[in-house]
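Okay, so here's the structure we're looking at.
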Amino acid sequence: MTGSGIVLDLIRSGKATTRSDLLEGLGWSRVTLSRRLDELLDHEIVIQAGHTSSGGGRPREEFEVNSALGLVLAVDIGSSHTRVGITDVVGAVLTEDEADIGLFDGPEEIFRWAEQVFDFLLVKGGWARTDVRGIGIGVPGPVDSRTGRLGSPQLDPRWDNVRVRDYLAEWPDDIVIAIDRDVNVLALGEARFGWPELRDLVVVKTGIGVGCAFVMDGNVVRGSRGGAGQLSAPLRDRLSEPLRRLETVASGGTIRDRLVRSGEYVRTSADIVALADDGNPDVLALLEEVGEVIGYALADVVGLLNPSAVIVGGNLAEAGERFVAAVRRSLFGAAHVYSRQSLVVAQSRLAAKAGVRGASALALDALFDPDRISALTRSRTA
């Protein structure tokens, strides 16, 4: 393949940003590369970024993605909390908002709210809908990323077989819309921007629910129908019983239910973290208990995949090291000796921004898909 999309892919990755680096990485002739760069420059997809020193010779011309090309809308839907953001086309967050609205409010309510917030943020930032190039969305349940249709069953049946594009009918057809599981979106954000030095990660999202995602050799592993990473509760001695979802045993939801039964008013995972920040001993004890069960459930995952790190994200992770330490302690106690050697178990580096940055990256990967860009520049040149 010698399309302009291949050139753009290398520039976006940062692996090659000068003509000489691109020639070395692609193995093309200078004439072919010049033509493809001209296509990208003519369509203002990339711009000249200046010059770098070439070690005493003539300065080398550098290229980068044109950040002024447009905007991306990012939506990170959780079980009880949703964050939205607007980024440029290199993934820099320009503005954000959030609310205690989530999965169990249903798709119609969430997307109506998100659309209203985006319209407000666009006007506030001096932008318009015509500036939007893509929309990235994370949803808490399995998604067929090729069709954008959610699987079945979901935790809330209103999401069964939902086609997200149907709730965004007012947006033009030429806007790229990309959808994935919320934990995959979180993992993409952490892998791309939080832990770029590591290629193999297990990422856990801990909130009212619990989700798990895998990044292998830098790529999110989704499985055949978008359902990879659903953790089960430890079996212990009940080998004849069917597997139970981990979140029914150890999650923000189980902590919330126990606190409500004891008379506390708790609705979201953020409420749980607020109580932990206040030093509530019951909440701190419950967080440790839940962290230990999650760590135990991850031991086999670590043994099977041998990742460089287990990254703990989501709202519960914002309770800090006490929660993450419980996950680490239990995981290290149960995992095979070899698989835990040099293993990092740490809190998300991006914290609350991970979902928005991951949703933006998801949309940008679709927007700048090499085949799409090659076809776009050829059709306009022809």
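A salt bridge does not link Arg83 to Asp97: none of the charged side-chain nitrogens sits closer than 4.0 Å to a carboxylate oxygen. With respect to Glu247 and Lys205, no salt bridge is recorded, no charged nitrogen being found less than 4.0 Å from a carboxylate O. The existence of a salt bridge linking Arg165 and Asp173 is confirmed by a sub-4.0 Å separation between a basic side-chain nitrogen and an acidic carboxylate oxygen. A salt bridge is defined here as a Lys NZ or Arg NE, NH1 or NH2 lying under 4.0 Å from an Asp or Glu carboxylate O, and Arg129 with Glu115 meets this definition. Salt bridge annotation for Glu190-Arg349: absent, with no cationic side-chain nitrogen under 4.0 angstrom from a carboxylate oxygen. Between Glu109 and Arg112 there is a salt bridge, since at least one side-chain N of the basic residue sits less than 4.0 Å from a carboxylate O of the acidic one. A salt bridge does not link Arg225 to Asp144: none of the charged side-chain nitrogens sits closer than 4.0 Å to a carboxylate oxygen. In summary, Glu321 and Arg328 engage in a salt bridge, as defined by a charged side-chain N under 4.0 Å from a carboxylate O. Ion pairing between a basic and an acidic side chain is recognised when a charged N comes within 4.0 Å of a carboxylate O; Asp174 and Arg133 show no such pairing.
In this view, Asp166 and Arg163 satisfy the side chain to side chain donor-acceptor pair (under 3.5 Å) rule, not counting sequence neighbours.
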Only pairs under 3.5 Å count here: list side-chain donor-acceptor contacts from residues 297-310, not counting sequence neighbours, and write none if there are none.
none

Going through the distances and angles, do Arg357 and Glu96 end up as a salt bridge (Lys or Arg N to Asp or Glu O under 4.0 Å)?
CA-CA 11 Å; Arg357 297 206 69 183; Glu96 293 179 281; over 6 Å; no
